[in-house]
Number of protein chains: 2
Amino acid sequence: MITTENSDALAQRLADSGLRSTPQRGLVYEALLKTRDHPTADELYVRVKSDLPTISLATVYNCLETLVHCHLVRAVNFERGPTRYCPNLQPHAHFHDDDTGETHDIDLPASLLHQVNAVLPGGYHSSSIEIIFRGKSPHRRASATKA
Amino acid sequence: MITTENSDALAQRLADSGLRSTPQRGLVYEALLKTRDHPTADELYVRVKSDLPTISLATVYNCLETLVHCHLVRAVNFERGPTRYCPNLQPHAHFHDDDTGETHDIDLPASLLHQVNAVLPGGYHSSSIEIIFRGKSPHRRASATKA
DNA sequence: CTTGATGTTTAGAATGATTCTAATTCTGTA
DNA sequence: TACAGAATTAGAATCATTCTAAACATCAAG
Ligand SMILES: [Mn+2]
Ligand SMILES: [Mn+2]
Ligand SMILES: [Zn+2]
Ligand SMILES: [Zn+2]
């Protein structure tokens, strides 16, 4: 799920913004695509360091800022916690599981977005709508219990 | 809009939680009710200091935590900005004006909340839904241009 | 190829909202 | 009045993030 298509998309978007394609940017984006669990900058730092041990946390922040700016990644905030990052570009909401702390994507049909938008009184024009749920999500079964 | 009714509500809620009614708590809550512009803790600190110059910022934070805990006030977070506080207990969304930075309340009919809730796949149970709009809101007219 | 301009990365310092700590002050009751 | 627990206070600590300044890399001339 990583390869050429995404890799090209990245190079393309960077070029569109007059930015260079670098190993750091590629690896941060790749790490984000590989495990779609809404990691924080710190978590990505750890993951990317195994491939590029010299990368710095500042660079991870810089790359993420760039990716968000290129519209390849969304920044997700929940209460006062560290910002999380999401490569899902479809319209979706976030569900925060109170028990596990996990963040799940919830697809949002366009019709719902219209309904939500319709509650705005006259004169309001929204450029974005963010929806966040909190609660309990179905426990995914342990994929295999070892010995 | 401040007086006995709200004042009693505060005393009552505090008592319910085994907490004391103090001048600091009263003033912070009053300041929140008086100007419903979703102030930050710092802004409330400034406002309350004119009535009680000895109050500390830590106390403002403590009082807000207490008020949130008593369900008299909602904490509102937007991206990485400082937490804002809202005494509107009705179900409502927040609209952040990109130009002015102001935060406005948007009433949410129960029917919409149901619709939103309905997008959750089976097994998800939400205990709260938060909706945040960004965009442009109607300019309220300057109430009188001086000179 | 050099060279310079510019973009990028890096380590570490700085920032800023919030929380914590420890001491002091209050309040309600014995 | 005296004490226990609650609340307030000033200032230190925390922590995610941003900033700074220096080192590096890359590209486009010359
Ligand atoms: Mn973060
Ligand atoms: Mn705040
Ligand atoms: Zn997401
Ligand atoms: Zn509000």
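Proteins get letters first, then strands, A, B, ... in listed order; numbering begins at 1 in each.
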To the nearest Å, how far apart are [X] [atom1] and [N] [atom2]?
X	N	atom1	atom2	answer
Asn77(B)	dA16(D)	CG	P	16 Å
Leu14(B)	dC26(C)	CG	P	19 Å
Tyr85(A)	dA16(D)	OH	P	12 Å
Glu79(B)	dT18(D)	CD	C1'	16 Å
Glu65(A)	dT9(C)	CD	P	12 Å
Arg25(B)	dC26(C)	CZ	C1'	12 Å
Asn62(B)	dA10(D)	CG	C1'	12 Å
Leu19(A)	dT26(D)	CG	P	16 Å

Interface residues of residues 47-60 of chain B with DNA chain D (non-hydrogen, below 4.0 angstrom): Thr54(B), Ile55(B), Ser56(B), Ala58(B), Thr59(B)
Pair Arg74(B)-His92(B), side-chain donor/acceptor within less than 3.5 Å: yes
Rounded distance (nearest 0.5 Å) linking atom CG of Asp37(A) with atom OG1 of Thr103(A): 8.5 Å
OH-CG distance between Tyr29(A) and Leu10(A), expressed to the nearest 0.5 angstrom: 6.5 Å
Pairs where residues 49-69 of chain B contributes a residue and the test salt bridge (charged side-chain N to carboxylate O under 4.0 Å, His left out) is met, not counting sequence neighbours: none
Salt bridge (charged side-chain N to carboxylate O under 4.0 Å, His left out): pairs with one or both residues in residues 120-136 of chain A, sequence neighbours excluded: Glu79(A)-Arg134(A), Asp98(A)-Arg134(A), Asp99(A)-Lys136(A)
State whether [X] places a side-chain N or O below 4.0 Å from either non-bridging phosphate oxygen (OP1 or OP2) of [N].
X	N	answer
Tyr61(B)	dT19(C)	no
Thr83(A)	dT17(D)	yes
Arg80(A)	dA16(D)	no
Gln24(B)	dC26(C)	no
Thr22(B)	dT8(D)	yes

Results of side-chain hydrogen bond (donor to acceptor under 3.5 Å, both in side chains) for Ser126(B) - residues two or more places apart only: Asn117(B)
Sequence neighbours excluded - side-chain hydrogen bond (donor to acceptor under 3.5 Å, both in side chains) pairs with any residue from residues 11-20 of chain A: Gln12(A)-Asp16(A)
Shortest non-hydrogen separation from Leu44(B) to Leu32(B) and the atoms involved: CD1-CD1, 3.8 Å
Close aromatic pair by centroid cut-off 6.0 Å: Tyr124(A) and Phe133(B): no
Residue Asp42(B), side-chain heavy atoms: nucleotide from dT10(C), dA16(D), dA17(C) that is nearest: dA17(C)
So which protein N/O to nucleotides 2-5 of chain D N/O distances come out below 3.5 Å?
residue, atom, partner, partner atom, Å
dG5(D), N2, Arg20(B), NH1, 3.3

